[in-house]
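Each remark here refers to the structure printed beneath this line.
Values reported hereafter were calculated over all heavy atoms of this structure, with side chains retained and with hydrogens, waters and symmetry mates removed. Chain identifiers are assigned alphabetically (A, B, ...) following the order of the sequence lines, protein sequences preceding nucleic acid strands; residue numbering begins at 1 within each chain.
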Protein chains: 2
Amino acid sequence: MKQQEVFKAMADPTRRAILKRLQGGALSAGEIGADFDITPASLSHHFAVLKQADLVRTERRGQYIVYSLNSTVFEDLARMLMDLFPATPKSGGKR
Amino acid sequence: MKQQEVFKAMADPTRRAILKRLQGGALSAGEIGADFDITPASLSHHFAVLKQADLVRTERRGQYIVYSLNSTVFEDLARMLMDLFPATPKSGGKR
DNA sequence: GAGATATTTAGAAAACTATCTAAATATATG
DNA sequence: CATATATTTAGATAGTTTTCTAAATATCTC
């Protein structure tokens, strides 16, 4: 898992909103774009960042390109965070 | 919880390393700085970002300023992520 | 209180990011 | 195959972030 890529991807509010939007299921770039006041080109850039972080998957469906969440990496992220931040410090921490 | 501040803070590798370094317990700015090839001024900037995100706490101890993790916000973050990324979509999700 | 050590603040330079417009590529359809 | 629609790529610009050096502030010790 590319830790840096993932955190960088999550650091932008538009990208987090895109992820949120995808919770309901896969959507085409255009469908997602409809919710944002941003050009298709900029949106495409955000998709590229999310893809690079492996947070979303793409699939061409005819004319459209359909995006969906990659929940596997999401789990990794949660685990990584837990590891980074020991909420309840237990005896044998990695010091 | 200031979501944007937290994600922004986590997006930098140096800051994540600082958090990691603090897992073992509170440390002064100087002690932390010893591990990084960066000037005290730059380090201080990173501390400011972490503090702004409420990820660390500070306490002056005489001449030194001692930093420690704020695990409360860390838990918030983990929860927020879980919310954002439904790893295993269960029936009654928040939609 | 003068000098030493620890940390922060101010101001500037370099690197990076988000956004835009214009052009390119890919697919669908008449 | 020409045109329309969907998306990406290229190149530019504005804004933000990281880092530095120099100076300021705070505390300690003699």
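With respect to the salt-bridge test (charged N to carboxylate O, under 4.0 angstrom), the residues B/E59 and B/R61 qualify.
When the side-chain contact (heavy atoms from CB on, under 4.5 Å) test is applied to B/P40, no partner is found at least two apart in sequence or on another chain.
Counting to the nearest Å, the C1' atom of C/dA6 and the CD1 atom of B/I32 are 13 Å from each other. Here the P atom of nucleotide C/dT19 and the NE2 atom of A/H45 are 7 Å apart, to the nearest Å. Across the protein-nucleic acid pair, A/R61 atom CZ and C/dA28 atom P stand 13 Å apart, rounded to whole Å. Summarising the geometry, the separation between CG on A/D37 and P on C/dA18 is reported as 17 Å, rounded to the nearest angstrom. Going from atom CZ of A/F7 over to atom P of C/dT17 covers 16 Å, rounded to whole Å.
In this structure, B/L55 and B/A9 approach most closely via the heavy-atom pair CD1-CB, 3.8 Å. Closest non-hydrogen pair, A/D54 versus A/N70, comes out as O-ND2, 2.9 Å. Listed here is the closest heavy atom pair of A/H45 and A/R15: NE2-NH1, 4.2 Å.
Between B/S42 and A/Q63, the one whose closest nucleotide on DNA chain C sits nearer the 5' end is B/S42. For A/G62 and B/S44, each mapped to the nucleotide of DNA chain C holding its nearest heavy atom, the one lying further toward the 5' end belongs to B/S44. Each of B/L43 and A/Y64 has a nearest nucleotide on DNA chain D; the 5'-most of these lies closest to A/Y64.
On the nucleic acid side, DNA chain D contacts chain A at distances under 4.0 Å to non-hydrogen atoms, with the end points of that region at D/dT5 to D/dT9.
Side-chain contact between A/R60 and A/V66 is absent, with no heavy atoms from C-beta onward closer than 4.5 Å. At least one side-chain heavy atom of B/I32 sits less than 4.5 Å from a side-chain heavy atom of B/Y67.
Residues of residues 47-54 of chain B that place a heavy atom closer than 4.0 Å to DNA chain D do not occur.
Residue contacts for B/A41: at a heavy-atom cut-off of 4.0 Å it reaches a base atom on one of the strands shown. Looking at heavy-atom distances under 4.0 Å, A/Y67 makes contact with sugar-phosphate atoms alone, never a base.
A donor-acceptor pair shorter than 3.5 Å cannot be found between the side chains of B/E75 and B/T72.
Looking at B/V49, B/L19, B/V73 one by one, the single match for side chain to side chain contact (heavy atoms under 4.5 Å, CB included) with B/V56 turns out to be B/L19.
Dashed line: the shortest gap from a side-chain N or O of A/T39 to OP1 or OP2 of C/dC20 is under 4.0 Å. OP1 or OP2 of C/dA18 sits under 4.0 Å from a side-chain N or O of A/R15.
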